[in-house]
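Each remark here refers to the structure printed beneath this line.
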Amino acid sequence: MNIEEGFKNLICLFKTLLIDQGVNPTLALYLNLLLNILVLILIIIGINYLIKTFVIEAFKSFSNKTRTTFDDFLIKTNFPKYIGQILPLVIIYLTVPYILVDFPLAIKAFYFLIDIYIIFLIVWIIRSILRTTKSYLRTLESFKDKPVESYIQVVMIIVWLFAFIFIIAEITGKDVINFIISLGAASAILLLIFKDTILGFVASIQVSVNDIVRIGDWITFSKYGADGTVTEITLATVRVQNFDNTFTSIPTYSLISESFQNWRGMQESPGRRIKRSVFIKQNSVKFITPEDFEKYKNIQLISSYLEDRQNEINDYNTTNQIDKNLPLNGRNQTNLGIFRKYIDTYLNNHSAVHKEMYIIVRHLQPTEHGIPLEVLCFSRDKRWENFEYITADIFDHIIAAVSYFDLQLFEAPSGDDIRDYFNKTNLENTPNKNS
């Protein structure tokens, strides 16, 4: 007698004993089935306990001693747990057909259910490995800004697609190859169903290959109200944490099909641009007089410039016999021109301004609000809060310095200004009782 026959006799032992005791054969058959199932359940519970107690714990102990973190992530994604289910599954797969030998329909249902479970178990194991790979790659400096999540999702979609095909083939009883061929007729419907997934997949590849967006980039996407740091790039969406700590999700394919602003170039450059204007009243601009010249010479930043410039102008006017009784004749300095030079010199002496990048102080086209005097320079410190502090510091000084050059800033009149004007007018028009 071989091992297989001995195993069959062992399974039928209880039934034989019951029949020998005069129990109805049908009842003996069901009681034997119940006893075998209970014994099998106890055996599986015992094996699971041993696997959990010794095998999984041994794996955890081993992973704690290794230098790599890959096995640590395997534990977090339940990889040992899924692998530990293989042995009980093999025992069930080999044992149950002998237990159900007298129940052919039950054996057929068992094989169907066990095949479905095996498909899911394979998917879970692959998913665990992929999640482990994703977490491990995130610890590597070269992959921190890469959209690893997108590629993991693509692989998982393919895995689930094959699992779905095998499950449907199992349910319908068709051969897997024939079932895949039959799906060709429904390809148009599948493309419609997975349109967003396909678009996201193509966009993820383009985003990665063309290096359009990385995790950690600061982007501004006005259409979706996004203005902050990219925290996650998946197959379907890009997650942005805004500066007010809210989150915005952007469709991945929108990064390819629409325009947005990526501030990475600014972050990687030596400085961050400051570009802002003050508006000068046009009627406050004038040629400087000798008295003005003497006053402006006391401003240390531009005193040497003023003297050199004035000597050059005087030489020109003398050489060309210019009549200076009228200030309009010949060459002259203006208070606005001197103020521009002052700002330029001030910026070149400011410790927070990057001297190796553009420093420009220029006029823009006059508007109904006056002459825009634009400052364009770059701060050395690119951090947002420090950048705003530097910008405010520069323009605090510029605004305070305007009056020293006999210039005025434009400011739209407020309600108080209008009321004060009418009060002053009424006071001037009121007759004096003593007159």
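Below, each value reflects all heavy atoms present in this structure, side chains not excepted, and no hydrogens, waters or symmetry copies.
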Heavy-atom distance under 4.5 Å between the side chains of Ile280 and Leu409, does that happen here? yes
With no hydrogens and no angle check, do the side chains of Asp227 and Trp218 hold a donor and an acceptor under 3.5 Å apart? yes
So how far is it from Ile92 CD1 to Leu87 CG, rounded to the nearest 0.5 Å? 10.0 Å
Minimum heavy-atom distance Leu255-Phe260, with the two atoms named: O-CE2, 3.5 Å
Tyr342 and Phe339 aromatic ring geometry - parallel, tilted or perpendicular at 30°/60° bounds: parallel
Distance check, rounded to the nearest 0.5 Å: Arg273 atom CZ versus Cys377 atom SG? 10.5 Å
When you measure from the side chain of Thr237 to the backbone of Arg239, do you find a donor-acceptor pair of N or O atoms at a distance under 3.5 Å? no
Thr139 side chain to Tyr136 backbone, donor-acceptor under 3.5 Å: yes
Does the Asn335 side chain pair with the main chain of Lys286, one donor and one acceptor, at a distance under 3.5 Å? yes
Minimum heavy-atom distance Ala163-Val123, with the two atoms named: CB-CG2, 3.6 Å
Distance in Å, Thr334 OG1 paired with Leu407 CG, rounded so as to fall on 0.5 Å steps: 8.5 Å
Correct closest heavy-atom pair for Thr95 and Ile91 would be OG1-O, 2.6 Å
Polar side chain donor-acceptor pair, Tyr296 to Asp406, under 3.5 angstrom: yes
Is there a donor-acceptor contact under 3.5 Å from the side chain of Lys355 to the main chain of Asn349? no
Answer yes or no: is there a donor N or O on one side and an acceptor on the other, between the side chain of Ser128 and the main chain of Thr77, under 3.5 Å? yes
Distance check, rounded to the nearest 0.5 Å: Leu74 atom CG versus Ile129 atom CD1? 7.5 Å
Check: His350 and Asp393 side chains under 4.5 Å, non-hydrogen atoms: yes
Under 3.5 Å: donor-acceptor pair, side chain of Lys341, backbone of Leu306: no
Ring-plane angle category for Tyr117 and Trp124, please: parallel below 30°, perpendicular beyond 60°, tilted otherwise. perpendicular
Is a side-chain donor or acceptor of Asn262 paired with a backbone partner of Ile212 at a separation under 3.5 angstrom? yes
When you measure from the side chain of Asp217 to the backbone of Ile219, do you find a donor-acceptor pair of N or O atoms at a distance under 3.5 Å? no
If you count the non-hydrogen atoms of other residues, nucleotides and ligands that lie under 6.0 Å from CZ in Phe112, is the total more than 12? yes
In terms of ring plane angle, is the pair Tyr224 and Phe221 parallel, tilted or perpendicular, where the classes change at 30° and 60°? perpendicular
